[in-house]
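One structure is given below, encoded as structure tokens.
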Amino acid sequence: MALRFYNTLTQQVEPFTPLHGNVVRLYTCGPTVYNYVHIGNLRTFTFQDILRRWLQARGYKMDHVMNITDIEDKIIRHAAAAQQTIYEYTARYTEAFLEDTATLRMQRPERFVKATECIDDMVAAIQTLEQKGFTYMSEGSVYYRIAKFPSYGKLSHNDFSGIRAGARVDVDEYDKADARDFVLWKAKKDEEPAWRTPFGEGRPGWHIECSVMAMKYLGETLDIHTGGVDLTFPHHENEIAQSEAITGKPFARFWLHAEHLSVDAQKMSKSVGNFYTLRDLTAEGYAPEAIRYLLASVHYRKKLNFTFEGLKAAATSIERLRNYKRRLETAKFAPGTNSRLAERTQAALKAFDESLDDDLNTAEALAAAFEYVRDTNTAMDSGEFQAGNAAGGLEFLARFDSVFDVLQPTQKTGGLSDAGIDAMIADRTAAKKSRDFGKADQIRKDLAQQGVILEDTKDGVRWKRQ
RNA sequence: GGCGCGGUAGCCAAGUGGUAAGGCAGAGGUCUGCAAAACCUUUAUUCGUCGGUUCGACUCCGAUCCGCGCCUCCA
């Protein structure tokens, strides 16, 4: 079966092909840069990375835009508290975001867009909405009138017909015409950063950012738009209302939403003390690859319960795959090619691909990988595996790693050089030959203390860094 | 109240109307000077509970219990 995704809009799994040729126009909601991102955010970004990697594995070219929200209430507040401009303040966390996603080996989107770089476009969009009668002013702010957009609610599958247009709700606080109306342009208050516009000084609402940035670079109809489940309503619903009111065309064909991550079955919160950033985890010695593996190993539409036990299990699982890879690369096999195993490789590739084609079923893809590894390891033990089969094993791992990207250890700085390690191994081999096992074991222990693990195999000594 | 998601072995987690993938952990074993790695065996007669449909359901239907998310900012 062909590549297919679950579409929040239709609540069904649908075959996917791009609208234009083989280029996928993808918009993913990026971070609001007022702090370090936490592992829950990173779960969603990991999902987006898996998505774009798999699309590419399937032969598509990516045109992927991710926004950086760098003007927003919390940013204004935090920047003021730090006595910095919003630009100074957000620069730091934007940089941190790029570092964190790079640490987790996420591919960079073709384009990052900052909200503050698109203010003119947002103003123009709001003016278009104004001309079409979708807006009204209230206390200096511009609001979107959802009563003018009959299909409002189609993404989140909420029925708003019961809310009477014109009914005034929360009059004192918002003075909106309808409880669901949302702000397009916020009037300036106090010393807040602001831009001069035809409708007064102020700053853009959050929702208009994404509509404008997406359409500016990707056109009026996107192939895929993604974000966390919590963005489905109201953020994405509002994006649809704005964009489709402007263009009269479908805004995005596929909406993919990533479920949340919880920690020890609870929502992450600073007060509970179960709130983690990537930096918290790497500082405790957890490998970025293990974190990436854990975040990617659970299907993106299923809640992921983060535990340290799970993180350790992820690290062990990766180790097993790496050991397998080293065995493929270093063991000596009998010449020739076993045809049954060659077929087994093809079957494994097929199973792997079909799993990911099925709405990115990463858990099933992992199962396909481990079954293949077990079978071929068994074949190596029995001698059935031949030299000509090694390429197939490596091909499978390359396929695997083009999506999961966890096999290459993150390089640690310092430590012994390869040549130094080889010299110590030579000493140990000599000691073993003269049956001086005490000395041999001592060398192995010394190496282990420096993070180098030795394995004696019938083809000689194999080593790895821990 | 509305919308949505989930409850599968110690933990994590796939899955199909035809009799339970995979990973981690545990136990035993093979191999090895020892270790490591790898492999083998073993750990759910059972898939929240109760009914129904069916030759047959964990998978379909109904009910029910429990947990969670969104409905205000939020990945």
Side-chain angles (χ1 to χ4, degrees), chain A residues 8 11 28-32 34 37-48 69 72-74 153 155-160 162 170 173-174 179-180 182 206 226-235 237 257-262 265-268 293-295 297-324 326-327 330-331 351 355 358 361-382 432 435-438 440-441 444-445 448 453-458 461-464:
Chain A
T8 305
Q11 298 180 297
T28 58
C29 281
T32 300
Y34 68 96
V37 291
H38 59 246
I39 54 173
N41 297 315
L42 290 168
R43 194 263 171 113
T44 297
F45 295 128
T46 302
F47 146 66
Q48 291 167 171
T69 297
E72 179 263 357
D73 289 4
K74 280 193 285 276
L155 179 69
S156 55
H157 305 284
N158 282 311
D159 179 7
F160 295 106
D170 287 347
E173 199 174 347
Y174 298 109
R180 304 289 170 179
F182 57 91
W206 176 40
T226 75
V229 276
D230 54 319
L231 297 187
T232 309
F233 187 88
H235 183 54
E237 197 74 73
H257 291 100
E259 250 299 349
H260 277 355
L261 169 150
S262 56
Q266 292 183 80
K267 189 167 182 172
M268 254 193 297
Y293 181 100
L294 180 61
L295 296 180
S297 63
V298 178
H299 184 92
Y300 75 92
R301 282 193 290 119
K302 178 161 175 151
K303 287 181 187 67
L304 192 163
N305 185 30
F306 178 91
T307 63
F308 283 96
E309 191 184 351
L311 186 52
K312 285 167 193 154
T316 310
S317 299
I318 293 171
E319 197 52 38
R320 174 123 176 256
L321 297 171
R322 287 179 181 167
N323 287 334
Y324 174 72
R326 285 183 308 117
R327 190 175 189 186
T330 61
S355 296
D358 183 11
N361 191 338
T362 48
E364 199 172 73
L366 287 172
F370 281 103
E371 284 178 64
Y372 175 69
V373 168
R374 187 199 341 101
D375 287 355
T376 45
N377 259 324
T378 301
M380 290 181 205
D381 284 355
S382 71
K432 273 177 64 178
R435 303 198 64 78
D436 184 352
F437 294 121
D441 289 350
R444 187 168 65 195
K445 208 182 274 180
I453 306 301
L454 301 192
E455 294 168 14
D456 292 328
T457 77
K458 62 183 168 62
V461 183
R462 200 161 70 188
W463 62 269
K464 65 183 175 186

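Atom set for the values below is all heavy atoms of this structure, side chains included, hydrogens, waters and symmetry mates excluded. Remember, predicted model here, so these are calculated numbers, not experimental data. Just so we're on the same page: letters track the sequence lines, and every chain starts at 1.
Shown here are the salt bridge (charged side-chain N to carboxylate O under 4.0 Å, His left out) partners of A:Lys464, two or more places apart in sequence or in another chain: A:Glu319, A:Glu455. With sequence neighbours left out, the side chain to side chain donor-acceptor pair (under 3.5 Å) criterion links A:His260 to no other residue. Qualifying side chain to side chain contact (heavy atoms under 4.5 Å, CB included) partners for A:Ala440, counting only residues two or more places apart in sequence or in other chains: A:Arg428, A:Ala431, A:Lys432. Considering only residues two or more places apart in sequence or on other chains, A:Ala379 meets the side chain to side chain contact (heavy atoms under 4.5 Å, CB included) condition with A:Leu341, A:Glu384, A:Phe385. In terms of the side chain to side chain donor-acceptor pair (under 3.5 Å) criterion, A:Thr362 has no residue partners (sequence neighbours excluded). For A:Asp73, the salt bridge (charged side-chain N to carboxylate O under 4.0 Å, His left out) partners two or more places apart in sequence, or in a different chain, are A:Lys186, A:Arg203. The side chain to side chain contact (heavy atoms under 4.5 Å, CB included) test applied to A:Asn305 returns A:Ser262, A:Ala265, A:Thr307, not counting sequence neighbours. Among residues two or more places apart in sequence or in another chain, the salt bridge (charged side-chain N to carboxylate O under 4.0 Å, His left out) test is passed with A:Arg444 by A:Asp441. Every residue meeting the side chain to side chain contact (heavy atoms under 4.5 Å, CB included) condition with A:Thr330, not counting sequence neighbours, appears here in chain and number order: A:Arg462.
To the nearest whole angstrom, the two P atoms, one in B:rC11 and one in B:rU19, are 27 Å apart. Across B:rU59 and B:rU16, the matching C1' atoms stand 6 Å from one another, rounded to whole Å. Only the C1' atoms considered, B:rG22 is 15 Å distant from B:rA44, to the nearest whole Å. With both ends at atom C1', the span from B:rG6 to B:rA14 equals 15 Å, rounded to whole Å. As rounded to the nearest Å, B:rA13 and B:rC73 have C1' atoms that lie 33 Å from one another. As rounded to the nearest Å, B:rG7 and B:rC58 have C1' atoms that lie 12 Å from one another. Look at the C1' atom in both B:rA57 and B:rA20: the space between them is 13 Å, to the nearest Å. Spacing between B:rU43 and B:rG23 at atom C1', rounded to whole Å, works out to 15 Å.
Summarising the base pairing, B:rU19 is matched to no nucleotide, lacking a Watson-Crick or G-U wobble pair whose two defining distances lie under 3.5 Å. When both distances must be under 3.5 Å, the Watson-Crick or G-U wobble mate of B:rC60 is B:rG52. Under the Watson-Crick and G-U wobble criteria, each requiring two contacts below 3.5 Å, nucleotide B:rA27 is paired to B:rU41. B:rG4: Watson-Crick or G-U partner is B:rC68, with both key distances under 3.5 Å. The partner of B:rC34 is absent, by the rule that a Watson-Crick or G-U pair needs both atom distances under 3.5 Å. Across all strands shown, B:rA9 forms no Watson-Crick or G-U wobble pair with both key distances under 3.5 Å. Partner assigned to B:rC73 is none, using Watson-Crick or G-U wobble distances below 3.5 angstrom.
A donor-acceptor contact closer than 3.5 angstrom links the side chains of A:Asn323 and A:Arg326. Judged by distance alone, the side chains of A:Gln48 and A:Thr226 do bring a donor and an acceptor atom under 3.5 Å apart.
If you check B:rA75, B:rA21, B:rC73 against the side chain of A:Asn41, the one that comes closest is B:rA75.
Whole-Å rounding puts the A:Leu155 CG to B:rC71 P distance at 14 Å. In this structure, A:Arg43 places its CZ atom 9 Å from P of B:rA13, rounding to the nearest Å. Distance NE2 (A:His299) to C1' (B:rC12): 16 Å, rounded to an integer number of Å. As rounded to whole Å, 16 Å separates atom P of B:rA20 from atom CD of A:Glu371. The nearest whole Å value for the distance from the CG atom in A:Asn305 to the P atom in B:rG7 is 13 Å. If you measure from atom OH of A:Tyr372 to atom C1' of B:rG23, you get 19 Å, rounded to the nearest angstrom. Spacing between atom OH of A:Tyr300 and atom C1' of B:rA75 amounts to 15 Å, rounded to whole angstrom units. The CG atom of A:Leu304 sits 14 Å away from the C1' atom of B:rC68 (whole-angstrom rounding).
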Strictly under 3.5 Å: I want the nitrogen or oxygen pairs between protein and nucleotides 25-28 of chain B, one per line.
none

Using nucleotides 3-6 of chain B, report all nitrogen or oxygen pairs with the protein that are shorter than 3.5 Å.
| residue | atom | partner | partner atom | Å |
| --- | --- | --- | --- | --- |
| B:rC3 | O2' | A:Ser156 | O | 3.1 |
| B:rC5 | O2 | A:Lys303 | NZ | 3.2 |

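Taking the six-membered ring where tryptophan is involved, the planes of A:Tyr372 and A:Tyr324 are perpendicular, since the angle between them exceeds 60° and thus also 30°.
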Completion exercise
Scoring nucleotides 33-40 of chain B by protein non-hydrogen atoms under 4.0 Å (B base, S sugar-phosphate only, - none) yields BBBBSSSS
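Within 4.0 Å of A:Gly40, counting heavy atoms only, lies at least one base atom of the nucleic acid. Within the nucleic acid shown, A:Ala363 comes within 4.0 Å of at least one base atom, counting heavy atoms only. At a threshold of 4.0 angstrom between heavy atoms, the contacts of A:His38 include nucleobase atoms, whether or not backbone atoms are also involved. Among the protein residues, A:Leu294 comes within range of no part of the nucleic acid, since none of its heavy atoms lies under 4.0 Å from any strand. Counting non-hydrogen atoms under 4.0 angstrom, A:Ala313 reaches the backbone sugars and phosphates but no base.
Look at A:Lys303 and A:Glu259 and you find a salt bridge, because one of the NZ, NE, NH1 or NH2 atoms lies within 4.0 Å of a carboxylate O, short of that distance.
With the nearest nucleotide of RNA chain B identified for both A:Ile39 and A:Leu366, A:Leu366 has the one nearer the 5' end. Comparing A:Thr307 and A:Gly30 by the nucleotide of RNA chain B whose heavy atom lies nearest to each, the residue mapping closer to the 5' end is A:Thr307.
Heavy-atom minimum distance, A:Leu231 versus A:Cys29: CD1-CB, 3.7 Å.
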Practice task
Would you please test A:Ser156 and A:Glu237 for side-chain hydrogen bond (donor to acceptor under 3.5 Å, both in side chains) and show each step?
Solution key: CA-CA 7 Å; A:Ser156 55; A:Glu237 197 74 73; 2.5 Å; yes
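Between A:Arg180 and B:rU72, a side-chain N or O to OP1/OP2 separation shorter than 4.0 Å is present.
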